[in-house]
There are 2 protein chains.
Amino acid sequence: MATKAGKAAKQVRDAEATRTAILDAAEAEFAQYGLNAAKTEEIAAKTGVTKAMIYYYFKSKEDLYVAVLERIFFGRYMDSIQPEELEQLSPEEALEKLIRRQIATDFHHPHLNPIQIHEALQNQGKYYKHVLSSDRAQQAFGIVTRILERGVAEGCFRKLHPQHTVMNIMGACNFYFTAYENMKYLWQGAPLLSPETVEQHTQEVVDLILAGVRNQNNR
Amino acid sequence: MATKAGKAAKQVRDAEATRTAILDAAEAEFAQYGLNAAKTEEIAAKTGVTKAMIYYYFKSKEDLYVAVLERIFFGRYMDSIQPEELEQLSPEEALEKLIRRQIATDFHHPHLNPIQIHEALQNQGKYYKHVLSSDRAQQAFGIVTRILERGVAEGCFRKLHPQHTVMNIMGACNFYFTAYENMKYLWQGAPLLSPETVEQHTQEVVDLILAGVRNQNNR
DNA sequence: AAATTAATTAACTGACCTGTTAGTTAATAT
DNA sequence: ATATTAACTAACAGGTCAGTTAATTAATTT
């Protein structure tokens, strides 16, 4: 929709659209397999183009992978979480909103977490370094950490370690999605990924974490 | 030490030892890459034998993978957690011990979690199904869930959903290790995987979760 | 409408990777 | 000591995969 496209989508050839389609297919492939086990042939097949197209738009599989990483982090993650907005709220309100947004993001962008995890496990974060070291990322996580620091300072949260707590909250939010495919064998019956159970998961995490950080002596 | 070995270890050829060495190397390789991206050649090299040895002891890469899965789950995980023992304790004590054991297991068997995660993401739990459906696994997780149910029934835990809470606790315990390689770029300085910080992580999770599940109305 | 440029494909190359085979060396039994 | 079995290796076969090349078709410009 950015370029000149009279009727859009009706074009047979559309560089922008093809590039995006490749990124979309690559995102799905990398989410399932990570950089190493992902197959360019498979990405091309999912896109509906020839493998050569990948190398027309991207230098290499590695280059495509980095493009996917950057797009999903800056495009999807940061936009969904909106850390800046949380600064206006009280620590409790901000924390609850953060949790709800985090889980909603996991649910609506199911590739985000798998890609990050594969990157950590397979490549030790090598390709993620420049993303997470960027000013935008540092600032965003600074804001998140400061929500907890503010809570402690204001006395509504108990004395806790902000960075550890941020990680533990992320763990509680994410594990449900990460481990779903294994967990389904443990507690059968329940359809673990239905909107209803995700809503229940959200409420459980909110209750657990807010009770977990609240200062009992205060009030 | 099981077979007849006068001076043990001094043998040049030792089937049992070689098989175990292959399993060890495979465990490390699968933990980093998962089934699909793991290379048999690499496993052989790590073991210090020829690739053909893998096929002497195991039918296929898949077969070796399943052997690794079973060994690490039944051998390492179940032995470390000892769910049966937790049944004797009060819900609070049991829950704290469970958390401490879970994290200690993650720390001392760093391959366990990565393998499980890769299995979920890459293979949708296909090769884990028979493991988690087994009586031993079902019973163990039943015990864990029942700790929470007991706590709710006895009134020391607030009204919570046991299965969701088990997952959220596991998430808080595991995420620290899973995401470490990415997280190190966010909060530099601190050596995130030193014994000291792992101890701190443990205490933070214990504090967070116990406060999070405790019933405030009850005393 | 013809010429030019951009998007796309088919077919290929060379490296790599799983699994095999046939032969070799060490341990064990006779 | 010799024969037999068990553990192990070197070398290879066949398939797969990342990346390339040369030709083709669609869009754009003149």
Side-chain angles (χ1 to χ4, degrees), chain A residues 2-30 32-68 118 122-123 127, chain B residues 1-26 28-30 32-68 118 122-123 127:
Chain A
T3 49
K4 44 181 150 178
K7 213 67 178 281
K10 211 63 207 211
Q11 278 192 305
V12 177
R13 291 184 173 192
D14 184 340
E16 193 96 357
T18 304
R19 217 190 99 102
T20 302
I22 291 172
L23 279 169
D24 289 344
E27 188 181 295
E29 178 78 2
F30 287 134
Q32 182 168 5
Y33 295 110
L35 171 60
N36 304 284
K39 299 170 191 172
T40 54
E41 186 61 60
E42 195 58 38
I43 294 169
K46 273 179 198 159
T47 310
V49 297
T50 325
K51 188 175 41 155
M53 287 314 292
I54 290 172
Y55 294 91
Y56 182 72
Y57 289 102
F58 302 92
K59 262 202 4 258
S60 61
K61 184 181 164 186
E62 231 181 345
D63 190 53
L64 172 59
Y65 179 69
V66 171
V68 167
H118 276 134
Q122 290 193 25
N123 313 319
Y127 299 96
Chain B
M1 97 252 247
T3 49
K4 42 181 149 177
K7 214 68 179 281
K10 208 68 209 204
Q11 278 192 307
V12 177
R13 291 182 174 194
D14 184 340
E16 194 96 355
T18 304
R19 216 190 100 101
T20 303
I22 291 173
L23 279 169
D24 290 344
E29 178 78 3
F30 288 133
Q32 182 167 5
Y33 295 110
L35 170 60
N36 304 284
K39 300 169 191 172
T40 54
E41 186 61 61
E42 195 56 39
I43 294 169
K46 273 180 199 160
T47 310
V49 296
T50 327
K51 188 178 38 157
M53 288 312 294
I54 290 172
Y55 294 91
Y56 182 72
Y57 289 102
F58 302 92
K59 262 201 3 259
S60 61
K61 184 181 162 185
E62 229 182 345
D63 190 53
L64 170 60
Y65 178 69
V66 171
V68 167
H118 276 134
Q122 290 193 27
N123 312 319
Y127 299 97

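Throughout, protein chains are lettered first and strands after them, A, B, ... in sequence-line order, and every chain is numbered starting at 1.
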* Asked: For the pair made of CD1 in B/Ile22 and P in C/dG19, what is the distance, rounded to whole Å?
  -> 14 Å

* Closest heavy-atom pair and its distance - B/Val68, B/Ala26 -> CG2-CB, 3.8 Å

Show each protein N/O and nucleotides 11-17 of chain C N/O combination with a separation under 3.5 Å, one pair to a line.
from, atom 1, to, atom 2, distance (Å)
C/dC17, OP1, B/Lys39, NZ, 3.0

Under 3.5 Å between N/O atoms: give me all the protein pairs with nucleotides 23-25 of chain D, atom names plus distance.
from, atom 1, to, atom 2, distance (Å)
D/dT25, O2, A/Arg13, NH1, 2.6
D/dT25, O2, A/Arg13, NH2, 2.8

* Asked: Taking the six-membered ring for Trp, are A/His118 and B/His118 parallel (under 30°), tilted (30 to 60°) or perpendicular (over 60°)?
  -> parallel

* Asked: Got a sec: does the NZ of A/Lys39 have more than 12 other heavy atoms crowding it under 6.0 Å?
  -> no

* Structure fact -> When rounded to whole Å, the CD to P distance for the pair A/Glu42 and D/dA18 reads 10 Å

* **Shortest non-hydrogen separation from B/Leu64 to B/Phe30 and the atoms involved** => CG-CE1, 4.1 Å

* To do: Using a cut-off of strictly less than 4.0 Å, decide whether B/Tyr56 has a side-chain nitrogen or oxygen near OP1 or OP2 of D/dA7.
  => yes

* When the distance from CD1 of B/Ile43 to P of C/dG19 is rounded to whole Å, what number comes out? -> 11 Å

* Asked: Counting only N and O atoms by type, is there a donor-acceptor contact under 3.5 Å from the side chain of A/Gln122 to the main-chain atoms of B/Gln32?
  -> no

* Asked: To the nearest angstrom, how far is A/Asn36 atom CG from D/dA18 atom P?
  -> 11 Å

* Asked: Just how far, in rounded Å, is C1' of D/dC8 from OH of B/Tyr57?
  -> 8 Å

* Under 4.0 Å between any heavy atoms, over every strand shown, what does B/Phe58 touch: base, sugar-phosphate, or nothing? Just pick one. => nothing

* Using whole Å, report how far CE of A/Met53 lies from P of D/dA26. => 14 Å

* Are side-chain N/O atoms of A/Asn36 and B/Asn36 paired as donor and acceptor at under 3.5 Å? -> no

* Evaluation steps, side-chain contact (heavy atoms from CB on, under 4.5 Å), between B/Tyr55 and B/Thr40 -> CA-CA 10 Å; B/Tyr55 294 91; B/Thr40 54; 3.5 Å; yes

* Structure fact -> Note: B/Thr47 and B/Thr18 closest approach over all heavy atoms is CG2-O, 4.5 Å

* Asked: What's the OH-C1' distance between A/Tyr33 and D/dC17, to the nearest Å?
  -> 15 Å

* Asked: To the nearest Å, how far apart are A/Glu16 CD and D/dA27 C1'?
  -> 16 Å

* **side-chain contact (heavy atoms from CB on, under 4.5 Å) evaluation trace for B/Leu23 with B/Phe58** => CA-CA 10 Å; B/Leu23 279 169; B/Phe58 302 92; 3.9 Å; yes

* Asked: Reckon B/Tyr55 has a side-chain N or O less than 4.0 Å from the OP1 or OP2 of C/dT20?
  -> no

